[in-house]
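A note on names: the letters A, B, ... follow the listed sequences, proteins ahead of strands, and every chain is numbered from 1.
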Amino acid sequence: MAVPAIELKNITKTFGHIVANHKVSLSVMKGEILALLGENGSGKTTLMNMISGIYYPDSGEILIDGEEAVIASPKDAFDYRIGMIHQHFKLVDIFTAAENIVLGLKEEGPFDLEKVSARVREISEQFGFEIDPKKKIYEMSVSEKQTVEIIKVLYRGADILILDEPTAVLTPQETQKLFAVLRRMKDAGKAIIIITHKLHEVLEISDKVAVLRKGEYIGTLVTAETNETELTEMMVGKKISLNIDRSEPKNRQERLVVKDLDIMNRDGIKVLDDVSFTAYSGEILGIAGIAGSGQRELLEAIAGLQNISEGDIFYHDPRTGKTEDLKDKTPLQIRELGVRLSFVPEDRLGMGLVGNMDIVDNMLLRSYRKGHSVFLQRGEPRSLAERIIKQLEVVTPSAATPVRRLSGGNVQKVLVGREIAAAPTVLMAAYPVRGLDINSSYTIYNLLNAQKESGVAVIFVGEDLDVLIELCDRILVIGSGQVTGIVDARTATKEEIGLLMVKSHKAAAAKETESRGGNHAENR
Amino acid sequence: MFDTLASIIFSSVVQGIPLLFGATGEIITEKSGHLNLGIPGIMYVGGISGIVGGYLYEHFSTNPTAFLCIAIPLVSSLLGSGLMALIYSFLTVTLRANQNVTGLALTTFGTGVGNFLGGSLLNFFGESGSISLLTVSKYYKASFPFAEKLGPIGKIFFSYGFLAYLAVIIALLAHRFLKKTRAGLNLRAVGENPATADAAGINVTRYKYLATLIGGMIAGLGGLYFVMDYTGGTWTNNGFGDRGWLAIAIVIFALWRPAGAIFASIIFGGLYICAIFIPGLSSAQKELFKMTPYVVTIIVLVLTSIRNRRENQPPASLGLSYFREER
């Protein structure tokens with residue numbers, strides 16, 4: 001039997017007490033494409049970073065061509081002919097493609113960009129890229145930039161290629177082009193690992209699928225012998241009961257109606273495509289989806305922080321009974337209507353709170369406009385801060401402690417507490433329990449439930465499906481910027497939502513007809 | 001007529017050479033992503049270090065040789081400005097201090113060092129009024145012997161000291177280095193996007209250190225030219241004026257291209273002294289004329305911003321400290 005181009009054996013990596021990878025084993029042959037499948041936070045990128053020399057495994061071994069390899073730095077990885085194409089491109093904008101490709105290389109002979117360009121054209125022809133070596137990066141589309149990254153790796157002679165979510169930034173047509181290139185590289189004997197969470201792409205391009213879940217290695221399947229249902233189940237796992245209290249919605253009324261919403265990002269790619277839904281008062285609407293599927297843009301659009309390309313967001317004001325279009329309103333006007341956004345991006349202190357200011361001043365950020373004198377009135381915010389500290393059990397030396405010195409959970413309590421104190425009519429919370437311990441999480445759940453019971457329309461963007469299923473009333477599932485389904489959280493199963501998450505409309509339609517003919521093997 | 005024109009051009013070039021040294025040095029520095037506002041101070045120190053070296057040699061040597069008359073001030077000037085540049089690099093590259101604050105502090109410091117050493121020299125040797133190094137500067141001022149025979153042509157092209165030609169050669173070499181060499185490409189990458197350069201295996205710290213150090217030393221030569229050639233070996237405190245700032249303005253005017261800095265320096269040199277050639281100006285009006293280089297710089301800034309070509313913009317990470325992503 002042939003020796004694998006690269007083989008991982010029982011790789012384990014921990015960060016502090018968090019286990020990012022636990023006993024992961026996989027192998028890729030020459031001329032083979034392995035898809036590495038898993039949800040966010042399942043340890044895919046950590047694993048690949050160990051192959052490309054950014055991290056070093058705590059235990060386990062990596063074999064290249066059957067021999068044990070020590071990859072302690074990106075340079076070592078390069079010496080083993082491993083090339084990684086990161087999600088975020090590392091290119092110099094004002095350089096040409098050719099200049100970026102040779103950057104940092106210590107080649108023999110005089111420096112001749114013409115020769116480099118010729119070699120780039122040669123590689124392009126071999127694998128079917130379309131690239132102009134003399135074009136500047138800043139004039140390129142995202143897909144062209146990705147092409148430059150791939151050529152850069154090939155130019156350096158890589159035989160093992162790792163692509164970290166390469167299709168996340170591409171249009172369907174560009175994805176097809178990329179896949180054509182990947183097939184050619186495979187035919188040329190390269191070993192390819194592609195990280196993804198799009199099931200239809202896994203089925204289309206890969207030979208084998210390795211599945212990770214929460215750092216655990218679940219198993220490797222031959223792509224031709226599996227199907228979406230089986231892979232989804234491996235990816236999301238069995239349901240865990242959390243016992244979150246959930247009351248029946250009372251007095252449901254239309255509060256927020258989003259209609260045919262389109263949003264383009266700066267590169268001109270649609271991040272939200274024809275999104276429509278209604279949020280009702282007195283219920284929690286969950287939003288599920290792989291991170292980066294457009295959740296952030298959706299919430300920001302409602303809060304007035306995103307430019308809307310097309311579509312409308314109607315708001316039914318319970319106080320005046322009027323219907324307003326939020327599309328034409330500034331964030332301030334929207335806030336005054338009672339729409340509140342509590343956003344927890346990766347950087348918790350990024351959008352909601354100012355880290356260097358104390359809790360009182362952070363309260364003041366929302367209310368300073370109410371004052372009438374030149375001087376700030378700190379009395380009211382101070383009592384609000386103290387109320388939040390007491391009610392939500394924020395662990396802090398005092399209300400005068402800078403927020404950045406608090407732990408993540410306590411920061412989150414301060415932020416959510418402040419947003420709720422403003423008596424919103426719509427409360428949007430994105431990943432409010434990310435990084436929180438169990439108790440803090442339940443405090444947040446209870447807060448959201450209390451808001452729901454008092455007639456607020458709550459929109460909850462979450463990543464843990466178990467939480468979404470137990471906390472929310474309905475769950476809207478986003479896949480690649482499209483609404484792939486709205487399900488009743490009381491009856492939905494994890495697998496059902498998981499399948500919706502990894503589908504996009506067009507692909508889903510194509511795959512559905514196909515999978516009806518195939519067998520639905522449930523074993524694994 | 002030709003004679004007047006020739007002498008205007010001659011004066012512009014003589015004025016422009018210190019600016020050219022400063023601008024070339026600053027361009028190389030900025031290409032590594034470091035805005036060195038300490039250049040005026042570094043040039044000042046480059047000048048006084050040359051004076052100190054030349055003074056010691058002239059006063060303690062009974063029989064000065066031409067070679068040492070040139071070499072000693074040159075080396076001491078490079079040492080002085082190099083030391084200043086090293087302070088800047090250590091603070092901004094290693095300690096990642098704010099570049100603007102560091103640079104401004106260095107300029108203040110350099111001016112102080114220059115005035116202190118200048119004043120001390122006067123006290124030590126008890127000379128009256130000023131320092132004058134006639135022997136040493138003679139070699140710095142020496143130009144082609146045939147220049148005078150050629151009339152206006154000779155005046156325009158062949159009547160400068162060797163440092164003037166060196167300035168042009170360094171600028172041309174720097175231009176070629178940045179555009180045509182592998183190291184130049186790497187240096188530009190460091191200034192544009194250090195994270196990318198780092199990932200490509202370029203030693204970012206080394207490039208930053210070398211660029212700020214060599215850039216500072218080149219700029220320091222501008223100070224040396226000023227004291228040895230332009231003023232003929234004399235030193236007066238604060239005599240250098242605001243030429244250092246003008247050099248930084250030229251970097252913008254020349255759009256970060258050393259070859260462009262050659263012409264920009266001569267034009268700025270001309271603008272700087274054009275008041276002398278316009279008869280009947282009051283001293284207030286002369287000061288107004290001295291402002292023209294800065295006005296021109298502002299106009300260029302406005303124009304390049306309007307045209308907004310990416311190639312004409314400063315290095316993308318200019319002024320930003322580089323932190324390697326670590327987890």
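Atom CG of Asn307(A) has 12 or fewer neighbouring heavy atoms from other residues, nucleotides or ligands inside a 6.0 Å radius. For CZ of Arg176(B), the number of neighbouring non-hydrogen atoms (other residues, nucleotides, ligands) closer than 6.0 Å is 12 at most. Taking a 6.0 Å sphere around NZ of Lys136(A), one finds it holds more than 12 heavy atoms contributed by other residues, nucleotides or ligands. Within 6.0 Å of the CZ atom in Phe263(B), the count of heavy atoms belonging to other residues, nucleotides or ligands does not exceed 12.
With values rounded to the nearest 0.5 angstrom, Ile137(A) atom CD1 is found 11.0 Å from Asn193(B) atom CG. Rounded to the nearest 0.5 angstrom, Tyr138(A) OH and Glu311(B) CD are separated by 3.0 Å.
Heavy atoms closer than 4.5 Å to chain B are found in the backbone of Leu91(A), but not in its side chain. Looking at Leu105(A), only its backbone comes within 4.5 Å of chain B, counting heavy atoms on both sides.
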Please tabulate, for side-chain N and O atoms in residues 181-192 of chain B, each donor-acceptor pair with protein atoms closer than 3.5 Å (sequence neighbours left out).
residue	atom	partner	partner atom	Å
Thr181(B)	OG1	Phe177(B)	O	2.6
Thr181(B)	OG1	Gly184(B)	N	2.9
Arg182(B)	NH1	Glu107(A)	O	2.9
Asn186(B)	OD1	Gly104(A)	N	3.3
Asn186(B)	ND2	Tyr207(B)	OH	3.3
Arg188(B)	NE	Leu178(B)	O	3.0
Arg188(B)	NH2	Leu178(B)	O	3.4
Glu192(B)	OE1	Ala316(B)	N	3.3

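When each of Lys152(A), Lys75(A), Glu99(A), His86(A) is checked for heavy-atom pairs under 4.5 Å with chain B, Glu99(A) comes out on top.
Ala199(B) approaches Lys90(A) most closely through the heavy-atom pair CB-CD, 3.4 Å.
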